[in-house]
Amino acid sequence: MARYYVTTPIYYVNDAPHIGHAYTTITADALARWHRLKGDDVWFLTGTDEHGLKVKRSAEANGLSPQEQADVYSARFREAWALLDISNDDYIRTTEARHHRAVRALMQAAYNNGWITLGTYEGLYCVACEAYYVEDDLVDGLCPIHRRPVELLKESNYFFRLSAFSDRLVEWYADNPGAVTPEAKRNEALGLIKGGLQDISVTRTSLDWGVRVPWDGKHVFYVWYDALINYATAVGYGEDTVRFSAWWPAVHHLIGKDILRFHCVYWPALCMAAGIDPPHRVSVHGFLLVGGEKMSKTAFNQISPADLVPIFGVDGYRYHFLRDQQFGPDGDFSYEAMVARYNADLANNLGNLLARVSAVVHQKCAGIGPAPRPDSPLAGLAAEVYRSADAAWERPAPSEALEATWLLVRAANAALEAAEPWRAEPGPAVDAVLGDALEVLRIVAVLASPALTRSAAEIWRRIGLPGSPLDVCLPEAALWGGYPGGVAVERGTPLFPRLKA
RNA sequence: GGCGGCGUAGCUCAGUUGGCAGAGCACUCGGCUCAUAAUCGAGUUGUCGUCGGUCCGAGUCCGACCGCCGCUACCA
């Protein structure tokens, strides 16, 4: 059995969940669901990143302890994921004891291997912030927050000898052409490496909200190194060797382009330093823009899932982002496009197909769904669609997988139109075309279930099938002829009521 | 400044090794009336950013230019 370990970034608890966070999480969820259908052993991880200066500061501003602050925000992410039917198997928080143990173990291994050494960091420091700045951050040479002079300060820090890994990283990229996707992002990562890597500071003494360095208690690990290691923590790094070696390195990281450097350069190198394999794959996607602008707190243009789910439903929400936003390039979010896609694909094509088929089955077949023809003209297309969808999920390209699936929906509508069973007398000809249409609905329910978590099951139930499309196995479940016939078909209210533009 | 990408129908995009310009949405016309003003069929729209080159033939290859964008350039 294949193993599929998929992760989202752990989201920083300094921000409320918005559609950008949700995009990564829904994509990971859909991939996890697809692989579960394929019978793979799946582990789907998401979580929150809870250490670091920004959390500490926000906590102070809110009159909370850092842990209380983290608890509040972490809960918001968990609520958002519950709202969106996210099926994660684990939820990691970097403040958990299991994670502290794993970070210490992994960094200790890198230290023991000689890749972490004591050095001196020199930078511009604001005493009030207790933080370093680089010149570009400064406003008129002053701290951007306190508007006070900064001073040049030296601090003893541990450094990760990243510069020693350039050759090994280049080699790794050469040996694993699919390790970073899409191609453009892989080139960016390679560009970073070939542009020359510098050793990087991985600890702080000026901050205490983090994981203590095991060999030197005056330091805590800088939040990024703490954060990246979550992927190893969750599958038992340092605690359960058997479990860890079962899941690692069969890991697929999904990330946004903003954190490419950390995941495609620092993280593989750190894995090498600690003596474990780099991740199997990192898939990098772009940003969701709103009106062409990047979402940001200061621009007041953040949209949250909770704004849209009441209008589109969970399935309408998930479908839009998986189908309309290509995985890779930046995408522009618009309410109008979301309504248009919902009406065209969900209401008009899929929802209406279910409605018309169940209506005619009631008029011509006494409500009992007939079996499909083994030699249906739609059978070949169904097989082709499955192949395309499977390949697309693998890339990953959810929009292409769903696009392929909808070819089948359209073909079923066209086949009905050609046969006009509503005009014919009940009999084998009517049964044949309706059976084929029901079979298409069954297959589409399976293939679309990673996106349409709820309505796929509802279609399944309405066409009289036992169980759930979430419990079937691919590729068998996509083979033509699975609809048994002779089962009661339910006439229901519209699955996806049309929305006004 | 360096590296890379993009510019194809009103919109979002696909175009494999150069071989008659495509899909979905929108729009127009027609059919149908089982269905959620749904569906089905037909059709319109493109100087494939500009100019030049190679070739029997260029959206595709080469060069220049225009426009847009990404990454990067001492930013833990």
Side-chain angles (χ1 to χ4, degrees), chain A residues 52-53 119-125 131-138 155 157-160 162 182-196 198-204 206-207 221-225 257-258 260-262 264 266 284 286-287 289 292 323-326 328-332 334 336-337 339-364 399-400 402-404 406-407 409-424 430 433-434 437 491-501:
Chain A
L53 183 66
T120 303
Y121 179 78
E122 203 178 289
L124 300 167
Y125 188 82
Y132 286 95
Y133 288 96
V134 292
E135 232 157 284
D136 286 355
D137 292 335
L138 301 180
E155 178 178 323
N157 277 179
Y158 286 95
F159 282 73
F160 172 44
L162 180 66
E183 189 80 20
K185 304 301 183 193
R186 170 192 153 85
N187 291 341
E188 277 182 29
L190 261 176
L192 289 171
I193 295 162
K194 290 178 173 169
Q198 306 213 333
D199 294 345
I200 44 180
S201 162
V202 295
T203 69
R204 299 288 184 278
S206 53
L207 179 72
F221 288 111
Y222 177 57
V223 64
W224 259 108
Y225 304 92
K257 65 180 186 180
D258 51 326
L260 180 145
R261 171 195 293 272
F262 298 100
C264 301
Y266 298 178
V284 188
F287 289 143
L289 308 176
R323 172 64 186 86
D324 249 18
Q325 303 295 336
Q326 286 188 76
D330 288 354
D332 207 356
S334 90
E336 292 71 23
V339 170
R341 177 64 70 182
Y342 173 96
N343 281 339
D345 286 10
L346 297 181
N348 297 353
N349 282 339
L350 180 58
N352 186 52
L353 176 64
L354 176 66
R356 67 197 306 209
V357 168
S358 48
V360 182
V361 166
H362 274 261
Q363 285 162 25
K364 303 292 180 179
S399 61
E400 292 174 40
L402 293 169
E403 185 179 18
W406 255 251
L407 289 176
V409 178
R410 282 198 208 92
N413 272 319
L416 281 177
E417 209 66 39
E420 300 190 306
W422 46 87
R423 305 179 79 174
V430 166
V433 69
L434 290 176
R491 254 192 115 159
T493 54
L495 202 52
F496 303 103
R498 273 181 67 88
L499 294 171
K500 294 290 283 179

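Everything numeric here is computed off the predicted structure, so don't read it as measured data. Below, chains carry the letters A, B, ... as their sequence lines are ordered, and counting in each starts from 1.
- Residue contacts for A:Glu420: at a heavy-atom cut-off of 4.0 Å it reaches the sugar-phosphate backbone alone, with no base atom in range.
- Among the protein residues, A:Leu192 comes within range of the sugar-phosphate backbone only, with heavy atoms under 4.0 Å from sugar or phosphate atoms but none that close to a base.
- A gap of 16 Å separates the P atoms of B:rA64 and B:rG1, to the nearest Å.
- Distance A:Leu416 CG to B:rA35 C1': 10 Å, rounded to the nearest Å.
- Within the 4.5 Å cutoff, the side chain of A:Leu416 has heavy atoms near those of the A:Leu353 side chain.
- Nucleotides B:rU60 and B:rC55 have their C1' atoms positioned 13 Å apart, rounded to a whole Å.
- Of all non-hydrogen atoms in A:Phe160 and A:Tyr266, the two that sit nearest each other are CE2-O, 4.3 Å.
- In the set B:rG70, B:rC34, B:rA38, B:rG70 carries the atom at the smallest distance from any side-chain atom of A:Glu188.
- Separation of the C1' atoms belonging to B:rG46 and B:rG10 is 11 Å when rounded to the nearest angstrom.
- Here B:rC25 presents its P atom at 21 Å from CG of A:Asp332, a figure rounded to the nearest Å.
- Judged by distance alone, the side chain of A:Tyr342 and the main-chain N or O of A:Pro497 form a donor-acceptor pair under 3.5 Å.
- For A:Arg341, counting side-chain heavy atoms from C-beta on, the closest listed nucleotide (B:rU33, B:rA14, B:rG24) is B:rG24.
- In this structure, A:Asn349 reaches the sugar-phosphate backbone alone: every heavy-atom distance under 4.0 Å involves primed, P, OP1 or OP2 atoms, never a base.
- Of the possible polar contacts, one joining the A:Asp199 side chain to the A:Leu162 backbone as a donor-acceptor pair under 3.5 Å is found.
- Taking the C1' atoms as reference points, B:rG5 lies 25 Å from B:rU54, given to the whole Å.
- Remark: B:rC6 base-pairs with B:rG67. Criterion, Watson-Crick or G-U wobble with two distances under 3.5 Å.
- When the C1' atom is used for both B:rG53 and B:rA73, the distance is 35 Å, rounded to whole Å.
- In this structure, the side chain of A:Asp330 does not engage the main chain of A:Gly286 through any donor-acceptor pair within 3.5 Å.
- With rounding to whole Å, A:Lys500 atom NZ is found 10 Å from B:rA38 atom P.
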Begin with the C-alpha distance, continue with both residues' side-chain angles, and end with the deciding distance and a verdict on side-chain contact (heavy atoms from CB on, under 4.5 Å) for A:Leu346 and A:Trp406. CA-CA 10 Å; A:Leu346 297 181; A:Trp406 255 251; 3.9 Å; yes

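- Judged by distance alone, with hydrogens and angles left aside, the side-chain atoms of A:Lys185 form no donor-acceptor pair with the main-chain N or O of A:Lys257 at under 3.5 Å.
- B:rA42: Watson-Crick or G-U partner is B:rU28, with both key distances under 3.5 Å.
- With rounding to whole Å, A:Arg356 atom CZ is found 9 Å from B:rC32 atom C1'.
- Protein atom CZ of A:Arg323 is 14 Å distant from nucleotide atom P of B:rU12, rounded to whole Å.
- Both A:Ile200 and A:Asn348 sit near RNA chain B, but only A:Asn348 has its closest nucleotide nearer the 5' end.
- Side-chain atoms of A:Glu417 stay outside donor-acceptor range of the base of B:rG41, with no qualifying N/O pair under 3.5 Å.
- Using atom P as the reference point in both B:rU8 and B:rG15, the two lie 14 Å apart (nearest Å).
- Residue contacts for A:Ala414: at a heavy-atom cut-off of 4.0 Å it reaches the sugar-phosphate backbone alone, with no base atom in range.
- Contact annotation: A:Arg261 side-chain N/O to B:rU72 OP1/OP2 distance is under 4.0 Å.
- If you check every strand for non-hydrogen atoms under 4.0 Å, A:Gly351 touches a base.
- Separating the C1' atom of B:rG19 from that of B:rG59 is a span of 13 Å, rounded to the nearest Å.
- A:Phe159 comes within 4.0 angstrom of no nucleic acid atom, judged by non-hydrogen atoms across all strands.
- Across all strands shown, B:rA37 forms no Watson-Crick or G-U wobble pair with both distances under 3.5 Å.
- Distance from the side chain of A:Trp422 is smallest for B:rU33 among the nucleotides B:rC40, B:rU39, B:rU33.
- Across all strands, A:Arg423 comes closer than 4.0 Å only to sugar-phosphate atoms, never to a base (heavy-atom distances).
- Judged by Watson-Crick or G-U wobble contacts below 3.5 Å, the nucleotide B:rG1 has B:rU72 as its partner.
- Nucleic acid contact class of A:Arg186 (heavy atoms, under 4.0 Å, all strands): none.
- As rounded to whole Å, 15 Å separates atom C1' of B:rU36 from atom CG of A:Asp345.
- Comparing B:rA23 with B:rG63, their C1' atoms sit 33 Å apart, to the nearest whole Å.
- Residue whose closest nucleotide on RNA chain B sits further toward the 5' end, between A:Thr493 and A:Ala340: A:Ala340.
- Atom CG in A:Asn413 sits about 14 Å away from atom P in B:rG24, given to the nearest Å.
- Between the CZ atom of A:Arg498 and the C1' atom of B:rC25 there is a distance of 12 Å, rounded to whole Å.
- Inter-residue side-chain proximity for A:Ile200 and A:Tyr225 is flagged as met; some heavy-atom pair is nearer than 4.5 Å.
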